[in-house]
Amino acid sequence: MIIVENLSKSFGGRILFENVRVQFNAGNRYGLTGPNGAGKSTFLKILQGDEEASGGTFNIPRRVGILRQDQFKYDENRIIDTVLMGNRFLWAALEERDKLYLEPDLTNEMGMRLAELEVTIGEENGYTAEYQAAKLLAGIGIPEHKHYELMKTLPTDLKFRVLLAQALFGDPDALLLDEPTNYLDLQSIGWLEENLHQYKGTLMVISHDRHFLNAVCTHIADIDYETIIIYPGNYDEMVSAKVQARQLVESENRDKEKKVNQLREFVNKFSAGTRSTQAQSKLKEIERLESTELKRSNIQRPYIRFEIKRPSGKEVLRVNNINKTYTQADGSPLEVIKDFSLEVRRGEKIGVIGNNGLGKTTLLKMLTGELPPDDGSIELGYEASIGYFPQDYKQNLQGEGLTAFDWLEQFGDSETTNEVLRNYLGRMLFSGDEALKNITSLSGGESARLLMAKLMLLGNNLLILDEPTNHLDLEAVSALSVALTDYPGTAIFVSHDRDLINKAATRIIAFKENKIEDYAGPYEEYLFSQQKKAAPEQAKSNTKQNKSKNKKKEASIYDNL
Ligand SMILES: Nc1ncnc2c1ncn2[C@@H]1O[C@H](COP(=O)(O)OP(=O)(O)OP(=O)(O)O)[C@@H](O)[C@H]1O
Ligand SMILES: [Mg+2]
């Protein structure tokens, strides 16, 4: 159980939440929701002890499992150690013990300390820890011969599974997960859902994925209106309860406003006359009514519009028989792209889909020139210029002490006035002081929005976007889908977001095990064609029905790791 009493947090003048009193019970699964920048990660950081609250207190169990947003943090650690670190008491004791054992001259004091450490290690089940960690790893599909390799040798979603094993290690009473579904394909999300259903402690999970929240949560804790409100039920139920509650408050407010206007009239009429004492008391009432003014919702929709400075020629990109093979840690080759060719024409919107680990990012990196193919060639067409949104885009936001404004300014030319920059920033919801925030303190969604502002400013005619919807809230995803549909240039985008692919793509490139399919039509038609292939005589024209059936398991290259 987690109990929060009068908890407040603000940065500078901006209140994220104030006097929050909520309780999270064991056995319930809470989804923590709210728009980008609402303070979800900050709330979890406070509970984890990584960030100070501005006021208030909270009670949290001693054993807490944590999944942070940073998937690169343990790259240089061994996989098994990464899991062991999940029990911080045990890990600290093990490290200190190993250090002491390396001492050439052990003093008496050190000897006593060693004895203490052995007691702690025993209490924390340290002597069976490796066995337990290995069992967890086996359970998540990481074979034994990989356990002692480094984290960085794993593809994204397996790395993520290890991080989840870390969070679960040592039987935590509470589990705090910050956006666990980012970077996961549908199959891995299904795996995660099943695992979370089995968890018995207090679960709190941040996500912008509606389907995931609906599948997992028994309650939603929504951060908005400068507070946190817990709604029983799943995400959809929260939205309708929230709308109803909001309508009620709004109608109460309208009544209040009416009352205030009547009181004002009275005060204006009688403040100087014989009824001035009465007018005074009415003034007090006005003050009281006005102080309960309605807090504004944080929900806002960015205005994304990608315009182009110069159009490209009709043929935008030509890929001729490229191949790419990686060498794995054990020296064996991993063929990712095999004899792939592609012709892209102006105005096409290509949705790239497929499970994790099949080579989508590799392909995009080759298209942008960041990574060379082993052989074959990639030619950009006449006047084609690339605007790139990389998957690990946070690494693009570097620079000591830079504000969002400074960062964006670097990409302007002689015609980019401050007004122009402000305009782009404003559209991406960095208005006023928000634009002067340090880039290192931006939330996940804010960082993504800033990168979008850069793409809008540059006005390239070929957009290459690698999972642009990770971290974005629902409003921003829907704005992006409109922006891509209306974009006069050409776009190639990887996404696991079926809604975005469905709305914006005019052509589909689907990564499958051992092949890449190129379908010259929108997603619904593509799914229909798959259905037809699987059972030609049963295919009906009802593509909606087909869509739900099409979630069948696709194998991926590391199924047999
Ligand atoms: N050190 C800081 N100084 C100033 N502002 C900060 C700092 N850290 C975070 N913020 C701001 O606090 C707000 C909340 O950030 P937080 O990361 O908690 O948002 P979030 O709800 O997790 O958003 P997202 O959905 O985008 O991940 C953001 O507007 C962020 O820019
Ligand atoms: Mg966050």
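Start at 1 and go down the list; that is how both ligands and their atoms are numbered.
Considering backbone and side-chain atoms alike, Glu434 places every N or O at 3.5 Å or more from each N or O of ligand 1. Between Leu16 and ligand 1, not a single N/O pair is under 3.5 Å apart. Considering backbone and side-chain atoms together, His471 places no N or O closer than 3.5 Å to any N or O of ligand 1. For a threshold of 3.5 Å applied to N or O pairs, the pair formed by Phe11 and ligand 1 contains no separation below that value. Annotation: Ala38 places an N or O atom under 3.5 Å from an N or O atom of ligand 1; distance criterion only. Remark: ligand 1 and Phe43 share no N or O pair separated by less than 3.5 Å (distance only, no angle test).
Residue contact annotation: Arg14 has a non-hydrogen atom under 4.0 Å from ligand 1. No heavy atom of Gly34 sits closer than 4.0 Å to any atom of ligand 1.
Using a 4.5 Å cut-off on side-chain heavy atoms (C-beta onward), Thr490 and Leu463 make no contact.
Distances from the Mg ion (ligand 2) show that Ser41 has an N/O/S atom below 2.8 Å.
Distance OG/Ser207 to CG/Asn182: 7.5 Å, rounded to 0.5 Å. Going from atom CZ of Arg78 over to atom CG of Leu84 covers 8.5 Å, rounded to the nearest 0.5 Å.
Residues satisfying the side-chain contact (heavy atoms from CB on, under 4.5 Å) test with Ile229, not counting sequence neighbours, are Thr227, Tyr231. Applying the side-chain contact (heavy atoms from CB on, under 4.5 Å) rule to Gln132 yields the partners Thr128, Lys135, Phe169; only residues at least two apart in sequence or on another chain are considered.
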